[in-house]
Amino acid sequence: MRKLALSDEILLSVEKPARYIGGEVNMRVKDPKETEIRFCMCFPDVYEIGMSHLGIQILYDIINKRDDAYCERVYSPWVDLDKLMREKNIPLFALESQDPIKEFDFLGITLQYEMCYTNILQVLELSQIPIYAKDRTKEHPIVIGGGPCSYNPEPIADFFDFFYIGEGEAAYNEMLDIYKQCKKEGKTRQEYLEQMAQIDGIYVPAFYDVKYKEDNTIQSFEKINPKAPDKVKKVIAADLSEAEYPTKPLVPFIKATQDRVVLEIMRGCIRGCRFCQAGMVYRPTRERTLEFLKECAYQMLKSTGHEEISLSSLSSSDYSVLKELVYFLIEEFGSKGVNISLPSLRIDAFALDVMSKVQDVRKSSLTFAPEAGSQRLRDVVNKGLTEEAILKGASEAFWSGWNRVKLYFMLGLPTENQEDIEGIAVLSDKIAREYYQIPKDQRNGKVSIVASTSFFVPKPFTPFQWSRMNTAQEYIEKQRFLRGKINEQLNRKSIKYSWHSAELSELEGVLARGDRRISKVIYDAYKDGCLYDSWSEHFNVDKWIKAFEKNGIDIAFYNSRERSEDEIFPWDFLDVGVTKAFLLREYKRAKGEAVTPNCRQTCYNCGAKVFGGGVCFDEGCGQVLDECIEEANEEVCIEEGRQDRLNDSGEVHDEGKN
Amino acid sequence: MKVRIKFQKYGAMKFIGHLDVMRYFQKAFRRAGVDNEYTKGFSPHQIMSFAAPLGVGLTSDGEYLDVSLLSSDEPEVMIKRMNEVLTEGFRIIGFRFLKDREENKKAVTAMSLVSSADYLVSLKDGYLVSPTIDTQEKFQKAFLSFMKQKEIIIDKKTKKSEMSVDIKPMITMVAFDEVEYTEKLKSLIKEDTTYVENQWNTENISDTENYSHTENTIHYYNKSKPESMADRYDNGIKVYLQLHTGSSANLKPELVLEAFCNYLKVSYQEFAWQMHRLEVYTREEETGLLTALDQLEQ
């Protein structure tokens, strides 16, 4: 029988002991003594969130396919266990073998959202691994970071031995092969890192030095080790249907955020919304083939026993054979009690037909993400969704029996004025009015509209990376202004308004566009007790402000200034394909309220074509097709879509707030 | 067709709560390709019901789950198929067809049948009962004198109030080793049913090729008594208890041990005892005799 790292007494006194025992369905079991490389993959948040993440399942599968390596997992211990482990000096352990992580060769940490940074330090400290990379020796695991936040790794650069920039399918095996070789040849940690630095996708922070100007902007960002490259190039899997897919994903005992089979239908997005980092850094858009996905669906439902399957992508409606796939899933699995969930789907006749087949209309709600309240501002952010399209979609849905709508907006987008904000209230009201066009005897009770606003946070590698971000105070004022405007609407009683925390967004802004000097702030905030910052009940803004003050770091420098065109950004050393010149062009077009067509309509030469795959090479791409531009680009998600959206933006915990 | 499945829950699975066990089995049936019957509607779910849910921290050799199937293979095949998709800590040890609802006088759920259960309570290594009680011999003596009291009053907390209850009548058997337990059981269970060791005897039907549920024959399903998955401890201190269990009267073994510690005037250590369920029974009204749930046709 498997031995557990924690005693019965500890496991029975913490919340949800299943978080710490491993042994889940499809967990890989190997004898660590018979493998040469021990890898621990970490999602620095609570188990239920981390277990829902597809990326880790992909990497877990890739590494464990090798006989010479054993990949295990760890998640952030919840605060109750955190306390006990510190009191009793218990080292953090991996779920599979229950062995201490400090004995491993690698600790890989996925960086899905900025607000998990203090949790990274928690995992390192509980593992009894030195928090700063410079303090680690050959006795310690090599600590790697990867995922969305690695597109600006600088605020956490000091804590990592290296970052892996790009998709795991591309270079993970090479990384492990080099390690094995180095181990065999008795090479030092430094020598391994030097060798790694020479392959694409690897960034070793210690090999670079940053100098700052008097005004605190970056003077220079230069390598100090001749073996390191000047620029680090993102790596991708050019052909996704040849890439491996985890057909035996882990199934947790306790309900995870994603308690379903997740079928990734494509990567990247053709849309080019100007606030969206994922839409830029995951270019070029690449689809998986229908045959490949059908086969995966069969195998994954069989191996997990899940009763639901969900399609995953940044914009499912843009998947070219979506209809074929969806109808196949409904016909093949619908009768076997498998629920089919379709996030990020544009509302049209097809979507309504599918939705009425797969869910109870009375219980589900429609989700629109107009992002901005006015057409002017939607043009600025390049969100092609028009008011006509939203109202038409909502109206059709209302006539088909739906009566609940969720709307997602952002406050604080560049160039925003009061009319744009008021537009949110007006649009919400117009949707309600559409509902009351239906004769009373044919209505399904009252309409319910939930308008929710998050605060815009400019992200690296987006056209808005130069942009000024609003202060928490400005956000709160905007939110109050909108509250007032909603109360002026005819259907105000049908509209519920909710918003995210302004302070949290402000901090996210600093961590997103920060430089290496921020690491001290993160360290001090953590040492002062900050942990699980993305959980509103644990977020302590005062401690963070104290940490900024202690280090003499001004939040306004990072958030509240428009950056100049020639400023060197902390993340400029990364080459993600999409060029800085393209992003600047897009920023200027945004200010001119000019819409940029999507990748299938015309190529605006963003730079992602260098990867040699995806939509850039599709027939007809690169030409402007007039009739396509006319097409409504509305993007709509049905209820299940919400979880994905939230996971992407890392705001999952704010659900239901206010 | 209704089927009663008997399973063991052990090792690290004692940390998995009842609701998660239900979800676990729903997915396990799908992995095994079992032809479950589903409820109708937009969120169909498998028709299943558990007998006496087991608390977190307890292990068991005798858990029961009733399910409705649309079709089925022979019990042996079904057990094998299920066990192939289960993870360590869950094991199916029994599978039998129940009489159809129409054939039963009234529809019964596994839950409503339960009236008694056997437990093995062991002291975990690294703990002491009291400074002086450090062997099974001394423990047995102390426990017997505890049981000799006229009544054993405890404060039982319910959702609404706290009240004093005499739990002594709810403890129907006490034994200190397996031989004594087996002997005492013989007088408590119904004669025409046989105790677990014989329960697996398949003589009656081993010649019968036909396992179809439509034949109202009794289908036993396991040829040998499965090994108990109870944790064993070096200190050897343990007690077998038979307690009232179910909706009308329910006594958790934890409460008995707490009362025992109070009697000894030592503090009850919540994590010192490993509770392990051995079997679950229904009680015949007229005779008061017990029948294990897997011996029933309903």
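Just so we're clear, the structure is a prediction, and the values are computed from it rather than from any experiment. Below, read A as the first sequence line, B as the second, and so on, with proteins coming before strands; counting in each chain starts at 1.
Comparing V25(A), V338(A), I21(A) by heavy-atom pairs within less than 4.5 Å of chain B, the highest count is held by V25(A). Your options are P252(A), G22(A), P17(A), and the one with the most heavy-atom pairs under 4.5 Å with chain B is P17(A). Chosen from G23(A), S13(A), G305(A), the residue pairing most often with chain B at heavy-atom distances under 4.5 Å is G305(A).
Interface residues of residues 293-304 of chain A toward chain B, defined by a heavy-atom distance below 4.5 Å and sorted by number: K302(A), S303(A), T304(A).
For the pair R31(B) and Y24(B), the distance from NZ or CZ to the six-membered ring centre is under 6.0 Å and the angle to the ring normal is within 45 degrees. Figure legend: cation-pi geometry between R23(B) and F253(A) absent, as NZ or CZ is not positioned both under 6.0 Å from the six-membered ring centre and within 45° of its axis.
With a 4.5 angstrom heavy-atom cutoff, F25(B) does not touch chain A via any of its atoms. Both the backbone and the side chain of I254(A) have a heavy atom closer than 4.5 Å to some heavy atom of chain B. Looking at A32(B), the atoms closer than 4.5 Å to chain A (heavy atoms on both sides) all sit in the backbone: N, CA, C or O. Both the backbone and the side chain of F15(B) come within contact range of chain A, judged by heavy atoms closer than 4.5 Å. Neither the backbone nor the side chain of Q46(B) comes within contact range of chain A; no heavy atom of the residue lies under 4.5 Å from a heavy atom of that chain.
Using a 4.0 Å cut-off between charged nitrogen and carboxylate oxygen, D118(B) and R277(B) do not count as a salt-bridge pair. Under the 4.0 Å criterion applied to side-chain N and carboxylate O atoms, R73(A) and E96(A) are assigned as salt-bridge partners. A salt bridge does not link K124(B) with D231(B): every distance from a Lys NZ or Arg NE/NH1/NH2 to an Asp or Glu carboxylate oxygen is 4.0 Å or more.
Using the six-membered ring where Trp is involved, F143(B) and F260(B) have ring planes that are tilted, between 30° and 60° apart.
Remark: K336(A) NZ is packed, more than 12 non-hydrogen atoms of other residues, nucleotides or ligands lying under 6.0 Å away.
A ring-centre distance under 6.0 Å is found for F50(B) and H18(B).
Applying the salt bridge (Lys or Arg N to Asp or Glu O under 4.0 Å) test to pairs two or more places apart or on separate chains, none has a residue in residues 252-272 of chain B.
Rounded to the nearest 0.5 angstrom, S68(B) OG and L98(B) CG are separated by 9.5 Å.
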